[in-house]
Amino acid sequence: MVGVEVVQGSIDFPYVPGLLSFRESPLIIEACERLSVTPDLVFVDGQGIAHPRRFGIAAHLGLLLDIPTIGCAKSRLCGTHRELGIEAGCFEELTDDNETIGVALRTRHGTMPVYVSIGHKIGLEEAIYWVMKCCRGYRLPEPTRLAHQVAGGNLNAGT
DNA sequence: GCGACAG
DNA sequence: ATCTTGTCGC
């Protein structure tokens with residue numbers, strides 16, 4: 001990895017399904033502003049437009065930062081989809097109110113799918129491509145995995 | 001009125 | 001999200 005920035009701060013907004021951005025965006029934006037290298041693409045642990053009002057945290061952050069973002073959530077917020085194949089790479093459209101809002105994507109054989117939706121300045125096909133490309137045998141994309149570990153203090157900003 | 005509900 | 005060891009599978 002080329003860089004890591006961790007910020008600390010108090011959270012004032014509660015977790016409310018559909019309003020995750022109000023809770024997590026402030027600190028995330030702070031961390032992004034401290035990055036010495038501007039990301040070409042950001043993987044957000046949450047929904048992009050696969051949101052009741054089509055504006056999940058990934059879409060919100062992408063717009064504010066004016067950077068391409070992908071929403072790659074570990075579970076579904078809204079929408080429905082058919083059952084998907086068990087092999088890595090299989091996916092099904094995530095639909096809500098008769099419109100495609102993303103996909104349920106099996107990133108690894110036999111594991112629960114992730115929910116991919118466009119955030120900002122990227123198409124769904126391309127988003128799926130980059131998520132699969134960055135998973136490297138794991139269920140979640142590497143940027144998300146590393147962020148989780150660093151934030152949890154299980155990895156140093158250099159390893 | 002009864003579930004569902006990103007992290 | 002968080003609590004949390006061992007255990008099942010490649």
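Keep in mind that this is a model prediction, so the values were computed, not measured.
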Between [N] atom [atom2] and [X] atom [atom1], what is the distance in whole Å?
X        : N     : atom1 : atom2 : value
A:Phe22  : B:dC5 : CZ    : C1'   : 17 Å
A:Tyr138 : C:dG9 : OH    : C1'   : 15 Å
A:Met112 : B:dA6 : CE    : C1'   : 14 Å
A:His81  : B:dA6 : NE2   : C1'   : 14 Å
A:Arg53  : B:dA6 : CZ    : P     : 13 Å
A:His148 : B:dA6 : NE2   : C1'   : 11 Å
A:Leu94  : B:dC5 : CG    : P     : 12 Å
A:Ile28  : C:dA1 : CD1   : P     : 13 Å

Open item on the list: Can you tell me if A:Ser75 touches the phosphate of B:dC5, counting only side-chain N or O atoms and a distance under 4.0 Å to OP1 or OP2?
Closed with: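 Negative; the distance criterion is not met.
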TODO: Indicate whether OP1 or OP2 belonging to B:dC5 is found under 4.0 Å from a side-chain N or O atom of A:Arg76.
DONE: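 Indeed, a polar side-chain atom of A:Arg76 lies that close.
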- [ ] Output, in order, the C-alpha distance, side-chain angles, deciding distance and verdict of salt bridge (charged side-chain N to carboxylate O under 4.0 Å, His left out) for A:Arg136 and A:Glu142.
- [x] CA-CA 7 Å; A:Arg136 300 183 171 184; A:Glu142 187 164 72; 3.2 Å; yes
Open item on the list: Taking the ring centre of each residue, are A:Tyr115 and A:His81 less than 6.0 Å apart?
Closed with: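 Ring centroids of A:Tyr115 and A:His81 are less than 6.0 Å from each other.
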TODO: Could you go through the salt bridge (charged side-chain N to carboxylate O under 4.0 Å, His left out) check for A:Arg82 and A:Glu93 one step at a time?
DONE: CA-CA 8 Å; A:Arg82 299 188 302 178; A:Glu93 267 184 11; over 6 Å; no
- [ ] Could you list by number each residue of residues 57-74 of chain A showing a heavy-atom separation from DNA chain B of less than 4.0 Å, or answer none if no residue does?
- [x]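 Those residues whose heavy atoms fall under 4.0 Å from DNA chain B, taken from residues 57-74 of chain A in numerical order, are A:Ile57, A:Ala73, A:Lys74.
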Task: Under 5.5 Å and under 30°: A:Tyr15 stacked on B:dG7 - done: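 The base of B:dG7 is stacked with A:Tyr15 (centres under 5.5 Å, planes under 30°).
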TODO: Give, for atom SG of A:Cys135 and atom CZ of A:Phe43, the distance between the pair rounded to the nearest 0.5 Å.
DONE: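 Those atoms lie 8.0 Å apart.
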Open item on the list: Within this structure, what is the CE-OG1 distance for the pair A:Met132 and A:Thr107, rounded to the nearest 0.5 Å?
Closed with: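 Nearest 0.5 Å value for the CE-OG1 distance: 6.5 Å.
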Task: Geometric cation-pi criterion, A:Arg106 with A:Phe91: 6.0 Å, 45° - done: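 Pair A:Arg106/A:Phe91 does not count as cation-pi.
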Open item on the list: So A:Leu19, base contact, sugar-phosphate only, or nothing? Heavy-atom distance under 4.0 Å.
Closed with: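 Answer is base: heavy atoms of A:Leu19 come under 4.0 Å of a base.
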Task: First encountered from the 5' end of DNA chain C, between A:Asp45 and A:Arg108 - done: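 On the 5' side of the pair lies A:Asp45.
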- [ ] Taking atom types as modelled, find out whether A:Asp96 and A:His51 have a side-chain donor-acceptor pair closer than 3.5 angstrom.
- [x]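 Checked: A:Asp96/A:His51 side chains show no N/O donor-acceptor pair below 3.5 Å.
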